[in-house]
2 protein chains.
Amino acid sequence: MSHSLGVRQAQKQKTRQALLDAALGLLEEQSLSSLGLREVTRVVGIAPTAFYRHFRDMGELGVALVEEALGSLHVMVRAILAEQDAAEERIDRTVAVVEQHVRQHPLHIRFVARERHGGVRAVRQAIAGELDRFAQEVAAALKSQPASEGWRDEDVRMLAELYVDRLVTTAAALLDAEEDGAEGAAGQVVRRSRRQLRLISIGRRHWREDRRGEGEEERGEG
Amino acid sequence: MSHSLGVRQAQKQKTRQALLDAALGLLEEQSLSSLGLREVTRVVGIAPTAFYRHFRDMGELGVALVEEALGSLHVMVRAILAEQDAAEERIDRTVAVVEQHVRQHPLHIRFVARERHGGVRAVRQAIAGELDRFAQEVAAALKSQPASEGWRDEDVRMLAELYVDRLVTTAAALLDAEEDGAEGAAGQVVRRSRRQLRLISIGRRHWREDRRGEGEEERGEG
DNA sequence: TAGTTCGGAGAACGGTTGTTTACTGGATGA
DNA sequence: TCATCCAGTAAACAACCGTTCTCCGAACTA
């Protein structure tokens, strides 16, 4: 599977990865739409023209970065969803995993947060697509839980998006907290995030009893 | 107050505003760190060098845009907070106001969403500062409500941030929904957002009874 | 071994950028 | 009325940009 690449292909992938790494590094302090092709190749140590052997333009490189960035996070959240702990412990585990991920891949997080609403359409769409598949998985996991019995699919999806959004926001907030150097800032973000997830969890638990008898509203709209 | 500006100062403010407007327009399809000084002055129709009569650099213009963008939103949310409706109607009102604001000032919303994690530090900090004051106000309003009786300040603040974050996210989502042209996309965002706020509201209502007896956890950390 | 493929190098292109310096002409205030 | 102020102008600067075209040499294939 992996030993079957020739010397040539292996070298090409290596340079390609070097381009991605260099770009990711440079993107810590600027945004994709201002990142120059020459700037990236200069860091890698290759001629500007060699860039075209790997990507048509910076937008295409950006999309590749999206896949790389969301890929690893995808694996971790999938692991969380597979767990069967009680709500309380699960929340703590979830936040801990996010925290660890931010520490291990800060540049990936920064990139996603920055380009999610950034100036390059293709990259925005790529991120939106990944986060959507993301929410889809979370929704599927939530649906199979006893707490979701009697829930409409639309409401499960609504909750899933709320969770996913919270994770992304928390990750970005953690990054900001660590960068401006305030001592307990990161800890406060973690603690606050846990409580927000708990509040959502409580809202989830009481959703049906509170919404009883209002099930017919807004019929015929969706 | 306002009639007291001379012809000179009035004209200066006019071009300054023209610079802000031109920049805001250009920022619909790119990010601040890639926006050029010449690009802006070209749209306004003045010489590039005239830019320096108003701003030291693009970062300073960005900060001015932050104040302009968050200012109007500030007013509207303040109005919402002052209302005394029941939870249900208040949520509907809130989302409706956000929806209206997005329609009236789409460029401002786009700008804030994009530059909140964008590549210009000064602008990021300006936005973070404004949103913080924002959350502060929301927290104060929440605290004075009967539903917050017995809540710790830290938890009120946690809830306030959850609300503010939801508003910003909803506004950005609305913008995206309207831009990719899908027919009912905006409506779905609105409906989903309402339900998310309701779920949070339910969580709020049951927060204390659910957290009873756990008040001593995490002591000595904050 | 001979011929082909292809990642990368190098030079050159027209165009744009931020910034400086010196200047103009109308509003300003005594 | 007259000297001062100052928003905007004009020209020039070196630096950088994306992109094209041509070529090289090592890795491939047959």
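Because the structure is predicted, anything quoted here is derived from the model rather than measured. Per chain, numbering begins at 1; letters A, B, ... match sequence-line order.
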Can you give the donor-acceptor pairs under 3.5 Å from side chains of residues 43-59 of chain B to other protein atoms, not counting sequence neighbours?
from: Asp57(B); atom 1: OD1; to: Gly59(B); atom 2: N; distance (Å): 3.2
from: Asp57(B); atom 1: OD1; to: Glu60(B); atom 2: N; distance (Å): 3.0

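- Using a cutoff of 4.0 Å between basic side-chain nitrogens and carboxylate oxygens, Glu83(A) and Arg90(A) are not scored as salt-bridged.
- Rounded to whole Å, atom C1' of dG8(D) lies 15 Å from atom NZ of Lys14(B).
- Distance from the side chain of Arg38(B) is smallest to dT17(C) among dA12(C), dT17(C), dT20(C).
- At a threshold of 4.5 Å between non-hydrogen side-chain atoms, the residues Arg116(B) and Arg124(B) do not count as touching.
- Looking only at side-chain heavy atoms (C-beta outward), Leu70(B) and His108(B) stay at 4.5 Å or farther from each other.
- Taking atom CZ of Phe55(B) as the reference point, atom C1' of dA7(D) lies 14 Å away to the nearest angstrom.
- Nearest nucleotide to the Ile46(B) side chain, out of dT9(D), dT17(C), dG18(D): dT9(D).
- Of the candidates dC28(D), dT19(C), dG8(C), the closest approach to any side-chain atom of Pro48(B) belongs to dT19(C).
- The phosphate of dG8(C) has OP1 or OP2 within less than 4.0 Å of a side-chain N or O from Thr15(A).
- For Leu35(B) and dT16(C), the CG to C1' distance is 14 Å, given to the nearest whole Å.
- Residue Arg42(A) is in sugar-phosphate contact alone, with no base atom involved, counting any heavy-atom pair closer than 4.0 Å across all strands shown.
- Of all nucleotides listed (dT9(D), dC17(D), dA9(C)), dA9(C) comes nearest to the side chain of Ala50(A).
- Distance from the side chain of Thr49(A) is smallest for dG10(C) among the nucleotides dT9(D), dG18(C), dG10(C).
- Closest approach to the Arg8(A) side chain among dA26(D), dG25(C), dT17(C) is made by dA26(D) (side chain taken as heavy atoms from C-beta onward).
- When each of Arg53(A) and Gln9(B) is assigned the nucleotide of DNA chain C bearing its nearest heavy atom, the one mapping closer to the 5' terminus is Arg53(A).
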